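Please read the structure below before turning to the comments.
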Amino acid sequence: MANREIWKLIKYHVTGTIRPHERLLLDRWMNQHPDNRKLLAEVEEGWARVRDKSFEVDVEQAWLLFLKKREQQQPDLFQHKRRSPLYRAFRKINRPFSSGSYPYLLRIAAILLVGALIGLFAHRFSIHMVPDSHDPQLLMEELVTNNGEKARVTFSDGTQVTLNAASSLSFPREFRDTKRIVYLEGEAYFKVESNHDLPFIVRTEGVDIEVLGTEFNVRGWEQDPEVSVVVREGKVSVEATQPDLPINKSVILTGGLQTSVSRGEVPREPWEVDIKNKLVWVNGGLHFENTPFRTVVKDLERRFNVQIDVRDDSLLDLLFTSTFQYAQLEEILAVIAGAMEIDYRQEDSVITFL
């Protein structure tokens, strides 16, 4: 079994979301060699120290991010390949595990994986006070992701949320009021647990999205000119809450429909969209459809934790369309360069379009 699949099974195991057929695969892998079982024990031990019942991290993404950051911080460990035990450990865990695996290499892999989890995600989960018009002292929990990070959280009512990179989500530890209200800055995909007695409301950048039970995506970074909402299934109401609007107007979205709300305006009339493309980011992809290049640049910076400079400002208003099911930075840069007939240069985490 490939290493990518093994880390997914380990993630499902330590977060308590593994399914019966996945449990069989994991057991089969553990029985292949005693070192495999030792590796899982190392990960379990480290995860137990940072685990939060409501917070799930992307183990594989954390591991890849850790490798990238470690290589940037300590390039000598990777340049001197023949002499570096750490490099050989990385090479070892990037191949399928076998009976020839060395115990100390597996132990290094487990320790570094736990270190990646702790260093990249554990400190992101914090508690702070969020001002609310009904209760200014309402105690909220905040989940924050940086560029290159993605996280998932399950609320006390069972609602599941996937939070995109460079985003924040504030929510109460328990929903006890007549409404379930959360606050979003950035992008998130919601699978709301149905409860007709407790409407669910997402507040973001002057827009309220109210639902009873559905799946939908909200995109609304502070620096973006508009907030967009797309519904996979169910029904939501989208209302602009900014002051001094000429009229108070809300629109209703059902499955397959999208609307957007520009600053100081009411929601636009809904239109049909390809839901699969709109939600491809949840499973690791990226989708651009007639997207201004300045927005493409910002999305890539958030997703891959890089800095992008564009020498020719006239490029920023050009429209770009492409879909990447499993987004890899190198592939995206090559496609952009070919489609826009421009060159680029990459030095570590800095990319320059020439």
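Fair warning: this is a prediction, and the values are worked out from it, not measured in the lab.
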- request: Report the C-alpha separation of Asp274 and Lys276 in whole Å, then their side-chain angles, then the decisive distance to 0.1 Å, and conclude whether the side-chain contact (heavy atoms from CB on, under 4.5 Å) test is met.
  value: CA-CA 6 Å; Asp274 187 330; Lys276 182 179 179 181; 3.4 Å; yes

Non-hydrogen side-chain atoms of [X] and [Y] separated by less than 4.5 Å:
{"X": "Leu286", "Y": "Leu300", "answer": "yes"}
{"X": "Ile342", "Y": "Asp312", "answer": "no"}
{"X": "Val229", "Y": "Gln258", "answer": "no"}
{"X": "Glu226", "Y": "Val261", "answer": "no"}
{"X": "Asn305", "Y": "Asn146", "answer": "no"}

Inter-residue atom distance [X].[atom1] - [Y].[atom2], 0.5 Å rounding:
{"X": "Phe171", "Y": "Glu142", "atom1": "CZ", "atom2": "CD", "answer": "9.5 Å"}
{"X": "Asp157", "Y": "Leu198", "atom1": "CG", "atom2": "CG", "answer": "8.0 Å"}
{"X": "Glu215", "Y": "Ile275", "atom1": "CD", "atom2": "CD1", "answer": "10.5 Å"}
{"X": "Leu329", "Y": "Arg303", "atom1": "CG", "atom2": "CZ", "answer": "10.0 Å"}
{"X": "Arg180", "Y": "Glu210", "atom1": "CZ", "atom2": "CD", "answer": "10.0 Å"}
{"X": "Ile351", "Y": "Ile308", "atom1": "CD1", "atom2": "CD1", "answer": "4.5 Å"}

Within the distance-only criterion (no hydrogens, no angle test), does the side chain of [X] pair as donor or acceptor with the backbone N or O of [Y] below 3.5 angstrom?
{"X": "Thr295", "Y": "Phe293", "answer": "no"}
{"X": "Thr159", "Y": "Glu193", "answer": "yes"}
{"X": "Gln160", "Y": "Arg152", "answer": "no"}
{"X": "Asn277", "Y": "His287", "answer": "no"}
{"X": "Thr259", "Y": "Arg268", "answer": "yes"}
{"X": "Thr241", "Y": "Gly206", "answer": "yes"}
{"X": "Arg345", "Y": "Val350", "answer": "no"}
{"X": "Asn31", "Y": "Asp27", "answer": "yes"}
{"X": "Asn195", "Y": "Asp197", "answer": "yes"}
{"X": "Thr145", "Y": "Ser167", "answer": "yes"}

Heavy-atom pair of closest approach, residues [X] and [Y]:
{"X": "Leu163", "Y": "Ala188", "answer": "CD1-CB, 4.0 Å"}
{"X": "Ala151", "Y": "Leu143", "answer": "CB-CD2, 4.2 Å"}
{"X": "Val231", "Y": "Gly234", "answer": "CG1-O, 3.9 Å"}
{"X": "Ala165", "Y": "Arg302", "answer": "CB-O, 3.2 Å"}
{"X": "Pro199", "Y": "Thr178", "answer": "CD-O, 3.5 Å"}
{"X": "Glu239", "Y": "Ser250", "answer": "CB-CB, 3.8 Å"}

task: Identify which one of Thr162, Asn164, Asn217 satisfies the side-chain hydrogen bond (donor to acceptor under 3.5 Å, both in side chains) criterion when paired with Trp281.
output: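 One option only clears the test, and that one is Asn217.
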
Can you hop from [X] to [Y] via hydrophobic side chains spaced under 4.5 Å?
{"X": "Val230", "Y": "Val251", "answer": "no"}
{"X": "Leu333", "Y": "Val310", "answer": "yes"}
{"X": "Trp221", "Y": "Val218", "answer": "no"}
{"X": "Met340", "Y": "Val335", "answer": "yes"}
{"X": "Tyr189", "Y": "Val280", "answer": "no"}

task: Evaluate the side-chain contact (heavy atoms from CB on, under 4.5 Å) criterion for residues Arg294 and Asp317: first the C-alpha distance (whole Å), next the side-chain angles of each, then the deciding distance (0.1 Å), finally the verdict.
output: CA-CA 7 Å; Arg294 66 176 71 250; Asp317 294 322; 3.0 Å; yes

- request: Classify the angle between the aromatic ring planes of Phe216 and Phe190 as parallel (below 30°), tilted (30 to 60°) or perpendicular (above 60°).
  value: parallel

message: Classify the ring geometry of Phe155 against Phe200: parallel below 30°, tilted from 30° to 60°, perpendicular beyond 60°.
response: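 Answer is parallel, since the angle falls under 30°.
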
query: Around atom CD of Glu341, are there more than 12 heavy atoms of other residues, nucleotides or ligands at under 6.0 Å?
result: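 It does not: Glu341 CD has 12 such atoms or fewer within range.
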
task: Might you confirm whether atom CZ of Arg263 has over 12 heavy atoms from other residues, nucleotides or ligands at distances under 6.0 Å?
output: yes

query: Hey, mind stepping through Thr321 and Leu319 against side-chain contact (heavy atoms from CB on, under 4.5 Å) and telling me if it holds?
result: CA-CA 7 Å; Thr321 296; Leu319 302 181; 5.8 Å; no

task: Before accepting this row, confirm whether a basic side-chain N of the pair Lys179/Asp208 lies closer than 4.0 Å to the acidic partner's carboxylate O.
output: no

- request: For Val306 and Asn147, run side-chain contact (heavy atoms from CB on, under 4.5 Å): C-alpha distance rounded to whole Å, both residues' side-chain angles, the deciding distance at 0.1 Å, then the answer.
  value: CA-CA 8 Å; Val306 294; Asn147 288 344; over 6 Å; no

message: Holding to salt bridge (Lys or Arg N to Asp or Glu O under 4.0 Å), I want the full list of residues that pass it with Glu331, two or more places apart in sequence or in another chain.
response: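 Not a single residue meets the salt bridge (Lys or Arg N to Asp or Glu O under 4.0 Å) criterion with Glu331.
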
